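Structure first, commentary second.
Atoms within a ligand are numbered from 1 in the order they appear, just like the ligands themselves. Below, each value reflects all heavy atoms present in this structure, side chains not excepted, and no hydrogens, waters or symmetry copies. Bear in mind that the values here come from a model prediction, so they are computed numbers and not experimental data.
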Amino acid sequence: MSDDQNAFLPINKEIEVAEGVFVRRRELIYKGVASIGLLGFASILNNLQAYAQTTPSGLTSFNDFLKEANPLTKSLIEDTSTGGQDRYLHALASHASKIESVPEPVSWNDSTQSFKPGTFIGFTPGGENFTVLQWRLEPNTEIRLHRHDYGNVVTVGLNGEANVRNFELVGDDVDYSPGKTIKVKKTVDQQLTRGSVNLVSLDKNYIHGFRAGPDGAHGIDITTRIKPKPDHGTPYLGVSDKAEDEFRQIYEAEWQE
Ligand SMILES: [Fe+2]
């Protein structure tokens, strides 16, 4: 290493590589900035330390994820009880949360799950027992709240930030007639960032929706079908802004088309 190289300090910089998709890139800054004084230098070191605490480590490639997850899920998929789904989802998530990046899909298609354009879905092959769908949300767009009633889901954040909410029905009425008023319970309200995970089983957290922040968001849904596809289409849900019971997070809601 030359003296010249020693004159530089590494920093990490976040750069937008596509609309709403960010990568963290390592760059060098000239050490001479330390001449601004000991205080300035200490500040730089503090910033470097902060980056070191937030930069993920122990990541695996998508191919290595498939090598681990395909045999693992084969052994766990048969138990579709509530506990069996929990075990399946947590086991799958423990590998999925380490994925460094996912190959670009052949095509990005409109999600059809949004009131306005700007939400996209792309299929990524390789799952034997599950389907990997990438989703990409432009800034301030939304995937509507919808129910899963035949496949469970592991969601993993890859870039950007999205608010994810999960709900469950109060009671077991499964009449999805549009306009029908029901009660739901919010079970999760989460800021999904890189490497964070949100789980949907057929018995828990089975209604979910996503709202992207000002930087957009990118992630994957790993879906496993464990029941036959029902005759009805995807049930969408509209939820009141204000909780009817704040502590229990009970809301009035209605099914929508
Ligand atoms: Fe979904």
Side-chain angles (χ1 to χ4, degrees), residues 20 69 73 77 80 82 85-86 88-90 92-93 96-97 99 102 105 107-125 127 129-138 141-169 174 176 178 182 184-193 195-213 216-239 251 253-257:
T73 51
I77 196 170
T80 59
T82 303
Q85 286 186 71
D86 281 348
Y88 177 94
L89 290 167
H90 282 273
L92 181 55
S97 64
I99 294 173
V102 180
S107 64
W108 284 105
N109 305 309
D110 189 291
S111 76
T112 71
Q113 294 186 314
S114 179
F115 284 120
K116 63 178 186 179
T119 64
F120 304 95
I121 287 189
F123 168 68
T124 303
N129 309 295
F130 50 80
T131 300
V132 178
L133 287 175
Q134 290 188 59
W135 46 264
R136 188 162 64 79
L137 311 181
E138 290 183 356
T141 57
E142 181 175 355
I143 296 278
R144 298 168 61 192
L145 289 166
H146 57 276
R147 171 155 197 187
H148 282 261
D149 58 0
Y150 62 96
N152 57 34
V153 188
V154 173
T155 296
V156 182
L158 293 177
N159 282 297
E161 184 166 355
N163 172 251
V164 184
R165 291 178 300 158
N166 299 69
F167 292 85
E168 296 173 4
L169 299 176
V174 289
Y176 301 123
I182 56 172
V184 294
K185 179 181 181 66
K186 185 161 73 177
T187 52
V188 179
D189 195 329
Q190 175 185 7
Q191 292 304 109
L192 190 86
T193 54
S196 54
V197 167
N198 180 276
L199 304 180
V200 166
S201 87
L202 297 193
D203 301 325
K204 296 178 182 177
N205 309 326
Y206 42 77
I207 298 164
H208 70 169
F210 304 74
R211 295 186 291 203
H218 176 208
I220 53 174
D221 272 14
I222 306 173
T223 303
T224 306
R225 185 182 296 190
I226 59 173
K227 277 187 176 180
K229 190 176 188 302
D231 289 336
H232 59 76
T234 301
Y236 291 98
L237 192 73
V239 177
Y251 292 77
E254 68 171 22
W255 295 113
Q256 299 173 338
E257 290 184 282

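- Using modelled atom types and a 3.5 Å distance limit, the side chains of N152 and S201 yield no donor-acceptor pair.
- A cation-pi arrangement, defined by a distance under 6.0 Å to the six-membered ring centre and an angle within 45 degrees of its axis, is present between R147 and Y206.
- Counted by atom type alone, E161 and T193 present zero donor-acceptor pairs between their side chains at under 3.5 Å.
- Of all protein N/O/S atoms, those lying under 2.8 Å from the Fe ion (ligand 1) come to 3.
- The closest side-chain heavy-atom distance from I220 to I99 is below 4.5 Å.
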For W135 and F210, what are the C-alpha separation, side-chain angles and deciding distance, and is it a ring pair (Phe, Tyr, Trp, His ring centres under 6.0 Å)? CA-CA 10 Å; W135 46 264; F210 304 74; 5.2 Å; yes
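- R225 forms no cation-pi arrangement with Y150, by the criterion of a distance under 6.0 Å to the ring centre and an angle within 45° of the ring axis.
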